[in-house]
Chemist: 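Sharing a structure, written as structure tokens. Questions coming.
Naming: A, B, ... by sequence-line order, numbering from 1 per chain.
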Amino acid sequence: MGHPEQTSFYDKVYAMVRQIPRGRVTTYGAIAAHLGSKQSSRMVGWAMNHSHKADPSLPAHRVVNRQGMLTGKHHFGSPTMMQQLLENEGVRVADDRVVNFREVFWQPRGTAS
DNA sequence: GGTGTGACCAGCT
DNA sequence: AAGCTGGCCACAC
């Protein structure tokens with residue numbers, strides 16, 4: 001147990017994002033809290049900034065902020081790509097915000113490692 | 001090895 | 001009610 005994990009913080013976030021079921025969304029804070037530091041939600045967002053380098057591509061469009069707003073939509077190919085991806089999965093988006101966010105919200109479960 | 005940065009969150013004014 | 005500030009930690013230069 002005391003051995004440091006060689007898995008980068010990014011990989012932890014990526015693994016968490018991959019566990020998000022299709023048609024569901026989660027928040028940066030939820031992932032950060034699951035990783036141990038609820039206040040490190042910025043780290044999650046920053047890790048997502050490099051998510052484009054992850055292979056295969058991560059469902060980054062399933063990660064939104066606490067308010068359910070598509071804050072990272074600007075980091076996609078198109079400013080509307082994130083919304084289209086969500087709507088393609090059945091998640092309705094209006095005014096850059098997820099409709100019924102509390103219903104489609106998915107909380108990470110299982111192991112945080 | 002210090003400094004800066006970041007797709008956030010919560011609290012204060 | 002809405003806007004601003006600080007804090008938080010990992011990673012690149």
Side-chain angles (χ1 to χ4, degrees):
Chain A
M1 308 210 283
H3 290 278
E5 299 182 7
Q6 297 181 350
T7 307
S8 299
F9 186 80
Y10 294 143
D11 293 335
K12 294 181 182 177
V13 176
Y14 298 160
M16 190 71 62
V17 175
R18 292 178 202 227
Q19 292 177 13
I20 304 175
R22 183 175 175 278
R24 301 276 185 178
V25 295
T26 190
T27 65
Y28 304 94
I31 298 175
H34 195 73
L35 292 178
S37 297
K38 180 169 92 177
Q39 299 178 306
S40 347
S41 40
R42 299 171 78 187
M43 272 61 289
V44 178
W46 192 32
M48 299 298 295
N49 190 6
H50 288 247
S51 62
H52 68 96
K53 299 167 67 175
D55 182 31
S57 302
L58 299 177
H61 58 275
R62 295 177 186 160
V63 183
V64 295
N65 70 346
R66 182 89 165 103
Q67 301 177 352
M69 300 202 293
L70 286 56
T71 50
K73 71 172 185 176
H74 262 288
H75 283 259
F76 287 80
S78 243
T80 56
M81 187 169 180
M82 186 174 183
Q83 179 173 347
Q84 291 179 356
L85 288 171
L86 287 171
E87 290 181 343
N88 189 22
E89 296 185 352
V91 180
R92 220 155 73 154
V93 178
D95 194 15
D96 297 339
R97 201 192 85 175
V98 177
V99 182
N100 301 337
F101 168 65
R102 307 226 18 208
E103 296 182 4
V104 296
F105 174 74
W106 175 83
Q107 185 171 2
R109 295 185 190 177
T111 58
S113 17

Chemist: Nearest to the A/Arg66 side chain among B/dA7, B/dG4, B/dC9, which nucleotide is it?
Modeler: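 It is B/dC9.
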Chemist: Choosing from B/dA7, B/dC8, B/dA10, which nucleotide comes nearest the side chain of A/Asn65?
Modeler: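 For the A/Asn65 side chain, the nearest candidate turns out to be B/dC8.
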Chemist: Nearest nucleotide by nearest heavy atom, which residue falls closer to the 5' end of DNA chain C, A/Gln39 or A/Phe9?
Modeler: A/Gln39
Chemist: What is the distance, to the nearest angstrom, from the CG atom on A/Asn49 to the P atom on B/dG4?
Modeler: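 Atom CG in A/Asn49 sits about 19 Å away from atom P in B/dG4.
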Chemist: What residue among A/Arg24, A/His61, A/Arg22 forms side chain to side chain donor-acceptor pair (under 3.5 Å) with A/Glu89?
Modeler: A/His61
Chemist: Quick one: on DNA chain C, does A/His50 or A/Ser41 contact a more 5' nucleotide (nearest heavy atom)?
Modeler: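 Going by which nucleotide is closer to the 5' end, it is A/Ser41.
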Chemist: Mind calculating the distance between NE2 (A/His74) and P (B/dC8) to the nearest angstrom?
Modeler: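 To the nearest whole Å, that distance equals 12 Å.
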Chemist: In whole Å, what is the span from the CG atom of A/Leu70 to the C1' atom of B/dC8?
Modeler: 15 Å
Chemist: Could you please name the option among B/dA7, B/dC8, B/dT5 that lies closest to any side-chain atom of A/Trp46?
Modeler: B/dT5
Chemist: Has the side chain of A/Arg18 got a donor or acceptor atom that lies under 3.5 Å from a matching backbone atom of A/Val13?
Modeler: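 No.
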Chemist: Distance check needed: B/dC8 C1' versus A/Met16 CE, whole Å only.
Modeler: 17 Å
Chemist: What nucleic acid atoms does A/Ala60 come within less than 4.0 Å of, heavy atoms only: base, sugar-phosphate, or nothing?
Modeler: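 Base contact - A/Ala60 has a heavy atom under 4.0 Å of at least one base atom.
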Chemist: Looking at CG of A/Leu85 and CZ of A/Phe76, how far apart are the two atoms once the value is rounded to the nearest 0.5 Å?
Modeler: 6.5 Å
Chemist: Expressed in angstrom and rounded to an integer, what is the separation of A/Arg42 atom CZ from B/dG4 atom P?
Modeler: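 It works out to 14 Å between those atoms.
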Chemist: Determine, stepwise, if the pair A/Val17 / A/Arg62 fulfils side chain to side chain contact (heavy atoms under 4.5 Å, CB included).
Modeler: CA-CA 8 Å; A/Val17 175; A/Arg62 295 177 186 160; 5.7 Å; no
Chemist: Could you tell me how far apart A/Ile31 (CD1) and B/dC9 (C1') are, to the nearest whole angstrom?
Modeler: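 It is 14 Å, rounded to the nearest whole Å.
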Chemist: Could you list where the contact with chain A starts and ends along DNA chain C, reading 5' to 3', using a 4.0 Å heavy-atom cut-off?
Modeler: C/dG7 to C/dC11
Chemist: Do A/Thr27 side-chain atoms and A/Ala30 backbone N/O form a donor-acceptor pair below 3.5 Å?
Modeler: yes
Chemist: Tell me: CG of A/Leu35 to P of B/dC9, nearest whole Å?
Modeler: 14 Å
Chemist: For A/Arg66 versus A/Phe101, what's the shortest heavy-atom pair and its separation?
Modeler: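 Distance-wise, the nearest heavy atoms are O-CE2, 3.6 Å.
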Chemist: Between B/dC8 atom C1' and A/His34 atom NE2, what is the distance in whole Å?
Modeler: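 After rounding, the gap between these two atoms is 18 Å.
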Chemist: Which class fits the ring pair A/Trp46 and A/His50: parallel under 30°, tilted 30 to 60°, perpendicular over 60°?
Modeler: perpendicular
